[in-house]
Amino acid sequence: MPVVTLPDGSQRRFDHPVTVDEVAAGIGAGLRKAALAGRVNGKLVDTSYVIADDANLAIVTDKDADGLDIIRHSTAHLLAQAVKELFPDAQVTIGPVIEDGFYYDFAYERPFTTEDLAAIEAKMAELAKADQKVTRRVLSRDEAVTFFRNLGEIYKAEIIASIPEKEEISLYGQGNWVDLCRGPHVPSTGKLKAFKLTKVAGAYWRGDSRNEMLQRIYGTAWADRKQLEEYLHRLEEAEKRDHRRIGRELDLFHMQEEAPGAVFWHPKGWRVFQTLIGFMRERQRAAGYQEVNAPELMDATLWQQSGHLEKFGESMYLTKTPDERLYAIKPMNCPGHVQIFKHGLRSYRELPLRLAEFGKVHRYEPSGALHGLMRVRAFTQDDAHIFITEAQITAECVAVTKQILEIYADFGFEDVRIKFADRPPKRVGTDEVWDRAEEALKAASRAAGIEYALNRGEGAFYGPKLEFVLRDAIGRDWQCGTLQVDLNLPGRLGAYYIDEHSAKRTPVMLHRATFGSLERFFAILLEHHAGRLPAWLAPVQAVVLSITERQDGYVGAVTETLKNQGFLVESDLRNEKVGFKIREHTLQRVPYLLVAGDKEVAAHLLSVRTRNGKDLGTMSPETFAERLRIELDSRGRQTVEG
RNA sequence: GCCGGGAUAGCUCAGCUGGUAGAGCAGCGCAUUCGUAAUGCGCGGGUCGGAGGUUCGAGUCCUCUUCCCGGCACCA
């Protein structure tokens with residue numbers, strides 16, 4: 001005779017087994033209607049689930065994160081049901097919940113079109129309106145396999161075959177459609193009120209590019225219309241942040257057909273790029289790094305020795321010269337830095353030796369992977385290789401980690417996650433060396449006091465790595481920095497130093513990058529700030545504008561003075577209304593607009609307005625310069641606005 | 001690389017079933033000298049991504065190809 005304990009601690013006693021639905025009904029008709037599922041002793045179940053023994057029960061509604069997931073999962077089922085009604089020959093496969101929505105993969109003789117999508121969505125609305133009951137039943141493995149085989153659903157039969165023996169096999173039905181599913185699901189299709197199909201795409205069966213391609217339909221689903229509208233609005237806003245769009249609007253860079261995956265930097269974009277390099281250069285110098293520069297093009301034999309040609313060759317650009325030599329354009333900077341290390345005899349006294357380079361590398365990325373500045377074939381790394389003894393690994397890793405996190409904070413990225421990527425299947429070196437490298441990096445992580453998630457099998461081919469992932473203003477994660485412990489390449493490339501006993505020793509090499517790819521980091525900054533780069537990064541920090549030509553002399557003089565102090569300032573003397581000029585420079589995201597009319601000229605002032613439309617009143621050019629200096633030096637932690 | 005979609009003026013986009021390319025913004029010229037997100041009038045601007053083909057005739061149809069977009073796979 002079950003006693004059901006509710007989240008508020010109250011208990012209900014029953015003299016017979018009850019369903020979740022019945023308990024909800026006992027509490028109130030409104031709750032019963034809102035109930036999507038139950039959480040019995042922490043486990044999600046259908047509202048039809050029968051509680052036979054004492055249990056804790058929470059009724060799951062659409063206010064619950066789990067409730068929303070159930071809505072999405074059930075909407076995926078609704079999608080599959082609609083597809084089967086419209087295209088009986090399509091075979092169903094899997095339909096999981098993803099962030100903000102769901103997808104379902106189908107095997108079908110042809111790709112679905114956007115017209116199909118509209119028809120499917122309409123059918124889904126119709127089925128939802130019919131408010132069909134969703135029922136669950138359990139079958140044995142053999143029964144289930146036979147059931148789906150008979151329906152011609154060979155993919156489903158294959159999925160069942162891969163379900164562990166001990167797991168129960170449940171089927172969910174609604175109307176005349178049945179799907180294999182773990183559940184739980186909403187009690188009836190009428191609970192699905194706000195959904196939209198968003199796109200179609202190809203996707204490999206079981207995520208393996210050797211398998212056939214299925215037709216994937218993506219959709220989004222929410223508790224109500226309003227949430228759906230908000231989501232669609234969020235998508236639009238995210239699109240406005242797209243760095244490709246901002247790059248064009250602000251005249252920062254462009255790309256063109258003749259150089260796929262490569263960037264043409266315009267003056268303003270390159271200025272920002274140089275600011276990033278200047279900033280990093282300063283930090284690295286302070287931390288004991290020395291900047292070097294290695295050749296872009298080196299004989300292929302060197303890359304053979306390092307293992308790059310074998311493990312990474314598919315992504316390398318090769319070129320044969322008239323003298324019949326085969327060269328490779330560098331895809332990484334490490335072998336070049338090892339050559340610099342090797343030149344001359346190194347003593348243990350020189351370690352750690354930190355060699356840094358803003359190295360431009362070329363990688364032949366798959367055409368389908370290219371994406372604006374985020375994924376290119378030619379990019380610049382803020383790359384450094386630190387040569388150390390094994391005893392120095394921990395201390396150096398701790399120092400690197402600390403600096404990476406400090407630098408991210410300077411850009412306003414405080415929310416940083418760290419992943420530990422261990423040995424990949426395609427690698428050089430013995431397992432014994434990998435054990436040591438992984439242990440060393442783990443020990444260093446502990447010493448640095450950082451927590452990480454394991455990213456299995458994602459290490460570099462020569463060593464394990466820490467990956468630094470930062471979260472931007474709209475909650476997206478970007479992997480940028482990396483720290484790798486390499487016990488393989490120095491030996492392969494013949495690097496050694498002389499230790500305190502005059503013996504030759506192979507150094508350990510740490511690979512580290514903070515921005516990762518400068519191009520990509522630039523793009524992340526643009527999207528993070530929606531183009532409104534902080535003044536210290538902005539290509540133009542202020543524009544001085546006249547109201548009529550009577551102020552031309554004053555505006556010109558003020559502009560010159562500010563420029564001479566190193567500020568990035570331009571003047572706008574065009575014969576246009578001031579409102580027009582304000583609009584243009586605001587759209588160009590210039591942090592400060594300095595207006596000079598007759599009144600300002602007479603009093604030696606500037607009227608200061610921010611790109612966000614805020615009027616900071618008038619101040620002298622000297623005061624503005626002083627305050628801007630503080631803003632730049634503090635990297636935006638203090639602003640002209642105060 | 002795979003699946004789908006796309007490429008028309010500097011930008012955003014229209015161009016139905018094949019009949020000889022259009023708008024807004026931007027640009028240029030002229031007028032206007034103006035107080036915080038678009039002053040008015042006028043003018044110029046296109047090998048319709050590239051190469052073949054079908055046709056009396058192709059931006060429109062077919063084939064190939066390049067690049068871009070969205071996914072998938074990949075991302076040392």
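Everything numeric here is computed off the predicted structure, so don't read it as measured data. Per chain, numbering begins at 1; letters A, B, ... match sequence-line order.
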Do Phe87(A) and Phe112(A) have ring centres separated by under 6.0 Å?
yes
Could you tell me whether a side-chain N or O of Arg589(A) sits under 3.5 Å from a main-chain N or O of Leu587(A), the two making a donor and an acceptor?
yes
Test ring pair (Phe, Tyr, Trp, His ring centres under 6.0 Å) applied to Phe264(A) and Phe253(A), step by step:
CA-CA 6 Å; Phe264(A) 291 79; Phe253(A) 64 89; over 10 Å; no
For the residue pair Tyr592(A) / Glu631(A), report whether a side-chain donor-acceptor contact shorter than 3.5 Å exists.
yes
Can you check nucleotides 8-12 of chain B for protein contacts, nitrogen or oxygen pairs under 3.5 Å, and list what you find?
residue	atom	partner	partner atom	Å
U12(B)	OP1	Arg248(A)	NH2	3.2

Compute whether any side-chain donor of one residue and acceptor of the other, for Gln256(A) and His254(A), lie under 3.5 angstrom apart.
yes
Which whole-number value in Å describes the distance from Lys599(A) NZ to U36(B) C1'?
11 Å
For a quick check of understanding: with a heavy-atom distance under 4.0 Å over all strands, which category does Ser607(A) fall into, base, sugar-phosphate or nothing?
base
Any base atoms under 4.0 Å from Phe112(A), or only sugar-phosphate, or nothing? Heavy atoms, all strands.
nothing
Tell me if a side-chain donor or acceptor on Glu121(A) pairs with a main-chain N or O of Leu197(A) at a distance below 3.5 Å.
yes
Report yes if at least one side-chain N or O of Arg550(A) is closer than 4.0 Å to OP1 or OP2 of C34(B); otherwise report no.
yes
How close or far is atom P of G35(B) from atom CG of Leu606(A), stated in whole angstroms?
18 Å
Distance between the P atoms of A7(B) and U12(B), in whole angstroms?
12 Å
Spell out, as yes or no, whether a donor-acceptor pair under 3.5 Å connects the side chain of Gln484(A) to the backbone of Leu510(A).
no
Footprint string (nucleotides 67-74 of chain B, 5' to 3'): B base within contact, S backbone only, - free, heavy atoms under 4.0 Å:
S-SBBBBB
Give Lys465(A) one of three labels, base, sugar-phosphate or nothing, depending on what nucleic acid heavy atoms sit under 4.0 Å from its own.
sugar-phosphate
Secondary structure string for RNA chain B (Watson-Crick or G-U under 3.5 angstrom, | for other-strand pairs):
(((((((..((((.....[..)))).(((((.......))))).....(((((..]....))))))))))))....
Just how far, in rounded Å, is C1' of C2(B) from CH2 of Trp205(A)?
18 Å
Pair Tyr204(A), Arg206(A): side-chain N/O donor-acceptor within cut-off below 3.5 Å
no
Any carboxylate oxygen within less than 4.0 angstrom of a Lys/Arg side-chain nitrogen, looking at Glu527(A) and Lys240(A)?
no
Could you give the CG-to-P distance, from Asn612(A) to U36(B), as a whole number of Å?
19 Å
Would you indicate what Glu600(A) reaches in the nucleic acid, counting non-hydrogen atoms under 4.0 angstrom: base, sugar-phosphate, or nothing?
base
Does a side-chain N or O from Arg210(A) land closer than 4.0 Å to OP1 or OP2 of C2(B), or not?
no
For a quick check of understanding: with a heavy-atom distance under 4.0 Å over all strands, which category does Val578(A) fall into, base, sugar-phosphate or nothing?
sugar-phosphate
Okay, side chain of Gln541(A), backbone of Ala535(A): is any donor-acceptor separation there less than 3.5 Å?
yes
Take atom CZ of Arg583(A) and atom P of G35(B), then tell me their distance rounded to the nearest Å.
18 Å
Tightest non-hydrogen contact, residues Ala513(A) and Ile404(A), listed as O-CD1, 4.0 Å
What integer distance in Å separates Phe580(A):CZ from C25(B):C1'?
11 Å
Counting any heavy atom closer than 4.0 Å, what does Glu576(A) reach on the DNA or RNA strands: base, sugar-phosphate only, or nothing?
base
Please give the distance between the C1' atoms of G70(B) and C28(B) as a whole number of Å.
39 Å
Separation of A37(B) atom P from Asp572(A) atom CG, nearest Å, is 15 Å
Please report the distance separating the P of U54(B) from the corresponding atom of C11(B), rounded so that it comes out in whole Å.
34 Å
Step through the shown structure and confirm whether more than 12 heavy atoms of other residues, nucleotides or ligands are within 6.0 Å of CD on Glu249(A).
yes
